[in-house]
Amino acid sequence: MSGLTRVAGPPLEGVGVDVPPASGPRRALGRVGLALLAGDALLFPASLALAHVIRWGPTWPPAPELLAIAIAGPAWVLVAAAWGLRHPHRLSVAEEIRRVVGAVSTAVVLVWTAAFWWQTALSRGWLGISWLLGTALLLAHHLAWRRGVERARSRGLLRMRAAIVGTNAEGEQLSRQLAGSASFQPVGFVWTGVGDPRLDGLPRLGDVEAICDGAVAVDADCLFVAASSVSEEQMLALIRAARRRGLELRVTANLPGVYATRVTLQPIEREGGPVSLVVPPVRLSGPQAALKRLADVVLSTLALVLLSPLFTAIALAVKLDSPGPVLYRQVRATRGGRPFTMLKFRTMRRDAEAVLRSLGHDPSAPFFKVAPEDPTITRVGRWLRRTSLDELPQLWNVLKGDMSLVGPRPLPIEQVRANHALLAARHEVRAGLTGWWQVQGRADLDTPEALRMDAFYIENWSLWLDLEILLRTVVVVLRGEGAR
């Protein structure tokens, strides 16, 4: 298997090795978790103190608030532990966001409850501002640490050393996926009696009975189990082995296209027996659709008001840079394939469409985009595309109800009509100002991958997913990743 070093020598079965301390990656990730927790324990009381300044100005807080600020740090440590924020590397981005918001809410409620039992009054306005500031600061803190871990892993650091259990087809696929992952490094495999008793490029760590010694010998951090390769008895043995050696146990589930936070575990009959993965149906209808629409209206209105000076400056720059209208209007498709007129700041010459057709470009091809070096793009237009500011007028489309803040990007109506069977599934929801594939690869994705990611969003929609996409959009736009 490419990218892996073949280890010579006999299998490592039966090697008697004492239980070692946590390996380098596990120790480093543990230190990351402790540093994150310590930073949170400082930021949360700081948010309470800053809320006082915002609420009443630069004055010394009264005794009840001082007491609340003093206990906020230790209270956060307890709350963070209860919400499982000590090991963020085990959480998805959306799950981490959900837990941070929940933990801040719990901590604020605890502060209010303590004040109630002390028979002291705390301002509701101060508590509200504290919640907003605490949520914003701690989310930014966690996302910054997550980004730091991602950068370290891109350099080959902090990769969990994984022993793969199973050598059947699922085990082989798992080994390839882990080898290409930035989070894991395959270090060996365990034979379970099913499939080919080897994995190319990896040493054999013995069978399930000898997994403890084998995993310790290669300094493994976790056991990654191909679920279809093990029996119930073997699974129980692996659970015991992982517990005794302090290893993480991860089990694959064949659920492509399902967001992790959507899946729950439930016992089939009783606790301690077999469990099932539950994937509830997702429907954007009724109260949820109304809540999504309310968020669209409120946020697009605020953005239009706050960004009005920027709109004026961009409009002036477009007008001075080249002749033609400030706004570019194009008919695109939204929910149900309904056509609407989408707005953008103009980034191309007035005769751009005629020039592109004369050059043989086919605008009806799915996800057709003009190359960044295309001569029809204006100087200001090139900058607008690189910063994605050309999309801002679509806030008006969102306010009107033609679009949503988050959803599949609207495609020109000729693309939709020419590829109806291919693109129809995208139109189960409103088109979006930003979407899942925009924060994954943006313009760098090919058509099949973009369609797969649009389907992923529709299948896994939730308000938490929308929030994650909006936050990640800000980061992606600031970095200029994949913009055209």
Side-chain angles (χ1 to χ4, degrees), residues 54 132-133 136 140 292-334 339-356 363 369-413 430-435 438-439 442-443 466-467 469-484:
I54 294 174
L132 289 172
L133 282 175
K292 181 176 173 70
R293 179 62 188 144
L294 177 63
D296 286 340
V297 171
V298 171
L299 294 178
S300 62
T301 300
L302 285 173
L304 285 167
V305 172
L306 295 175
L307 297 176
S308 56
L310 180 60
F311 274 71
T312 303
I314 293 175
L316 184 61
V318 171
K319 196 67 177 175
L320 293 176
D321 182 53
S322 62
V326 169
L327 293 177
Y328 173 71
R329 293 172 169 83
Q330 187 179 49
V331 179
R332 299 204 175 189
T334 186
F340 75 101
T341 301
M342 192 193 76
L343 303 177
K344 295 179 68 172
F345 283 118
R346 181 174 57 83
T347 60
M348 303 173 71
R349 293 162 25 187
R350 282 186 297 184
D351 60 347
E353 291 189 10
V355 171
L356 291 174
K369 277 185 173 290
V370 177
E373 65 276 5
D374 192 281
T376 62
I377 301 177
T378 64
R379 288 174 301 173
V380 169
R382 205 174 304 280
W383 174 75
L384 288 175
R385 290 191 176 199
R386 188 169 61 250
T387 58
S388 297
L389 292 177
D390 59 320
E391 311 285 359
L392 286 180
Q394 289 157 45
L395 288 166
W396 178 248
N397 291 119
V398 173
L399 186 60
K400 286 176 58 182
D402 294 327
M403 294 175 61
S404 176
L405 288 174
V406 181
R409 285 293 293 156
L411 296 179
I413 197 68
R430 281 192 182 95
L433 180 61
T434 185
Q438 279 71 35
V439 300
R442 306 188 73 195
D466 276 6
L467 175 60
I469 290 172
L470 288 173
L471 291 173
R472 293 176 69 172
T473 296
V474 174
V475 176
V476 167
V477 168
L478 290 176
R479 293 180 190 155
E481 295 177 356
R484 287 187 183 178

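Given the structure is predicted, the values throughout are model-derived calculations rather than measurements.
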Chemist: Any donor-acceptor pair under 3.5 Å linking the side chain of Arg409 with the backbone of Gly432?
Modeler: yes

Chemist: Between Ser388 (side chain) and Leu384 (backbone), is there a donor-acceptor pair under 3.5 Å?
Modeler: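 No.
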
Chemist: My understanding is that only residues two or more places apart in sequence, or in another chain, count here; which of them pass side chain to side chain donor-acceptor pair (under 3.5 Å) with Asp466?
Modeler: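 Counting only residues at least two positions away or on another chain, Asp466 forms a side chain to side chain donor-acceptor pair (under 3.5 Å) with Lys292, Tyr457, Trp461.
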
Chemist: As a quick check of understanding, evaluate side chain to side chain contact (heavy atoms under 4.5 Å, CB included) for Gln330 and Lys344, giving each step before the final call.
Modeler: CA-CA 8 Å; Gln330 187 179 49; Lys344 295 179 68 172; over 6 Å; no

Chemist: If you take all heavy atoms of Leu392 and Leu310, which pair is closest and at what distance?
Modeler: CD1-CD2, 3.9 Å

Chemist: On a heavy-atom basis, which atom in Thr473 and which in Val439 lie closest, and how many Å separate them?
Modeler: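 Between these two residues, the closest heavy atoms are OG1-CG1, 3.3 Å.
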
Chemist: Which pair of non-hydrogen atoms, one from Pro325 and one from Val318, has the smallest distance, and what is that distance?
Modeler: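 Residues Pro325 and Val318, closest heavy atoms: O-CG1, 4.2 Å.
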
Chemist: State which residues pass side chain to side chain contact (heavy atoms under 4.5 Å, CB included) with Leu467; sequence neighbours excluded, sorted by chain then number.
Modeler: Ile97, Trp464, Leu471

Chemist: Taking Thr378's backbone N and O only, do any of them form a donor-acceptor pair with Arg349's side chain (distance below 3.5 Å, no angle check)?
Modeler: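 A pair under 3.5 Å: no.
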
Chemist: Look only at the side chain of Arg346 and the backbone of Gly381, and say whether a donor-acceptor pair between them is shorter than 3.5 Å.
Modeler: no

Chemist: Please list, chain by chain and in numerical order, all residues satisfying ring-ring contact (aromatic ring centres under 6.0 Å, His included) with Phe345, sequence neighbours excluded.
Modeler: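 With neighbours one apart ignored, the set is Phe311.
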
Chemist: Only pairs under 3.5 Å count here: list side-chain donor-acceptor contacts from residues 299-307, not counting sequence neighbours, and write none if there are none.
Modeler:
{"from": "Ser300", "atom 1": "OG", "to": "Asp296", "atom 2": "O", "distance (Å)": "2.6"}
{"from": "Ser300", "atom 1": "OG", "to": "Val297", "atom 2": "O", "distance (Å)": "3.3"}
{"from": "Thr301", "atom 1": "OG1", "to": "Val297", "atom 2": "O", "distance (Å)": "2.6"}

Chemist: Any chance you could lay out the side chain to side chain contact (heavy atoms under 4.5 Å, CB included) test for Ile469 and Leu405, step after step, and finish with the verdict?
Modeler: CA-CA 10 Å; Ile469 290 172; Leu405 288 174; over 6 Å; no

Chemist: Counting only N and O atoms by type, is there a donor-acceptor contact under 3.5 Å from the side chain of Arg430 to the main-chain atoms of Gly401?
Modeler: yes

Chemist: Partners of Arg293 by side chain to side chain donor-acceptor pair (under 3.5 Å), sequence neighbours excluded?
Modeler: none

Chemist: Counting N and O atoms only, with roles assigned by atom type, does the side chain of Ser404 sit under 3.5 Å from a partner on the main chain of Ala431, one being a donor and the other an acceptor?
Modeler: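 Checked: no pair found.
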
Chemist: If you look at every heavy atom in Ala317 and Val380, which pair is closest and at what distance?
Modeler: O-CG2, 3.8 Å

Chemist: Can you tell whether the side chains of Arg385 and Glu391 come within less than 4.0 Å, N to carboxylate O?
Modeler: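 Between Glu391 and Arg385 there is no salt bridge, as every charged N stays at least 4.0 Å from the carboxylate O atoms.
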
Chemist: Residues two or more places apart in sequence or in another chain: which of them pass salt bridge (Lys or Arg N to Asp or Glu O under 4.0 Å) with Lys319?
Modeler: none

Chemist: Strictly by modelled atom types, are Thr341 and Arg332 linked by a side-chain donor-acceptor pair under 3.5 Å?
Modeler: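 There is no such pair between these side chains.
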
Chemist: Which pair of heavy atoms, one from Asn397 and one from Leu343, lies closest together, and at what distance?
Modeler: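 The answer is OD1-N, 3.1 Å.
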
